Number of protein chains: 2
Amino acid sequence: MVNTEYDIVASFTREITRVNLAFKQHIQLKLRQNNIDLTFEMLSVLSCLWEQDGINQQEIANITVKDKASMTYLLDNLTKRELVYRQEDDTDRRNKKVYLTSKGKELRVQIQPWVTEMFGMVGNNLPADSVKSLTQTLEKIRENLR
Amino acid sequence: MVNTEYDIVASFTREITRVNLAFKQHIQLKLRQNNIDLTFEMLSVLSCLWEQDGINQQEIANITVKDKASMTYLLDNLTKRELVYRQEDDTDRRNKKVYLTSKGKELRVQIQPWVTEMFGMVGNNLPADSVKSLTQTLEKIRENLR
DNA sequence: ATATAATAGTTTGTACCTAAACTATTATAT
DNA sequence: ATATAATAGTTTAGGTACAAACTATTATAT
């Protein structure tokens, strides 16, 4: 069987997609099992705010690797669920800062352990630091693509 | 600055998403610049057929890491563009085999070089075999998540 | 000072994702 | 043989992605 560079990279792109999907499905299963009406994407915005409450929409978009149009939509959905609210920035009225409601803060207690658990599973049976070096290699690859 | 396991894995998940996005954007730019009315996802189905014409929808879904409902949608779109057609399998009428039209075959000449070029960029300035071992590590991580 | 550029966010249109319920067909068990 | 399970594909509904055009606001250049 021939194993050309083309095939190697093709498998690589597929495997990236699969790992991405695995994270998503793992979390969505937890959410479904606990009857929590949230998607993976909404959760990634919430996680972001659990770390830094009150940042603006563009900052959330950068951190969560989404574009600002999606952010408008996602925040509308989170607002409907009364988990966040927007507030215009007085010092720069282009910005809208996003804050967690008390309901949004409370969810952290229930959900973050699942994320922590999932993240903990990642490094099993792998050499120490291998996730870190993996990430660095991925960064280089992304550089190569520009 | 603290660098907990949580943070390390969080960066990892983000970097995966970014690399995925980089592939997508690279290709979509090429398509746009050449006025080709195709999305990244449609192209991944086409690529699959360029390798193996006449496989069924579920097989395409497995290879392209999509689910069968998306496949129905994508193939409808490709059929509208007259690039593929479906044909019921006589030996098992549950299956629909998918074939390239001549137009779908011709596109390969124009598009595949762009993919090959992009795939070639991936390994730049990286040790030989590092993409391969990267893929293997990703496979292990995916195993860990089940 | 004022034209121009840059930035944040929204809207729109097209496309994609995915769980769940569904139809049709084939495989398996007893 | 026949009930049951498994499989392939479609449909539906709610949600997401993203380019392009848009408004509002702030920054920059001359």
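Small disclaimer: the values here were computed from a predicted structure and weren't measured. Reminder, nothing fancy here: chain letters follow the sequence lines and each chain counts from 1.
Counting to the nearest Å, the P atom of C:dT10 and the CD1 atom of A:I60 are 11 Å from each other. B:Q87 has its CD atom 18 Å from the P atom of D:dA8, to the nearest Å. Rounded to whole Å, atom P of D:dT16 lies 8 Å from atom CG of A:L78. When rounded to the nearest whole Å, the span between CD of A:Q58 and C1' of D:dT25 equals 15 Å. D:dT26 atom C1' lies 13 Å from atom CD of A:E88, rounded to whole Å. One interatomic measurement links the two molecules: CG of B:L31 to P of C:dT14, which rounds to 19 Å at whole-angstrom precision. Here C:dA24 presents its P atom at 19 Å from CG of B:D90, a figure rounded to the nearest Å. Whole-Å rounding puts the A:K96 NZ to C:dT10 C1' distance at 7 Å.
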Could you give me the CA-CA distance, side-chain angles and deciding distance for B:T17 and A:T64, then say whether side-chain contact (heavy atoms from CB on, under 4.5 Å) is met? CA-CA 9 Å; B:T17 308; A:T64 58; over 6 Å; no
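Looking at heavy atoms from C-beta onward, A:Q110 lies in side-chain contact with A:L107 at the 4.5 angstrom threshold.
Using a 4.0 Å cut-off, some side-chain N or O of B:Q57 falls inside it from OP1 or OP2 of D:dT10. Dashed line: the shortest gap from a side-chain N or O of B:R94 to OP1 or OP2 of D:dT10 is not under 4.0 Å. Between A:R93 and D:dT25 there is a side-chain polar atom (N or O) within less than 4.0 angstrom of OP1 or OP2.
Among the atoms of the strands shown, none is found under 4.0 Å from any heavy atom of A:D89.
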When every nucleotide of nucleotides 15-22 of chain C is labelled 5' to 3' by its protein contacts under 4.0 Å (heavy atoms), B for base, S for sugar-phosphate only, - for none, what sequence of letters results? BBSBBS--
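In the model, B:Y73 has no side-chain atom that pairs as donor or acceptor with a side-chain atom of B:E41 under 3.5 Å. Under 3.5 Å, the side chains of A:D67 and A:S70 contain a donor-acceptor pair of N or O atoms. Residues A:D76 and A:T79 bring no donor and acceptor atom of their side chains to less than 3.5 Å of each other.
Using Watson-Crick or G-U wobble geometry with both donor-acceptor distances under 3.5 Å, C:dT28 finds its partner in D:dA3. Of the nucleotides present, D:dT10 is the one that pairs with C:dA21 by Watson-Crick or G-U wobble criteria, both distances under 3.5 Å. Nucleotide C:dC16 is matched to D:dG15 when pairs are restricted to Watson-Crick or G-U wobble geometry with both distances under 3.5 angstrom.
Taking Ile, Leu, Val, Met, Phe, Trp and Tyr as members and joining any whose side-chain heavy atoms lie under 4.5 Å apart, directly or through other members, the hydrophobic cluster of A:Y85 also contains A:Y99.
B:E88 and B:R93 are joined by a salt bridge, as a carboxylate oxygen and a charged side-chain nitrogen come within less than 4.0 angstrom of each other.
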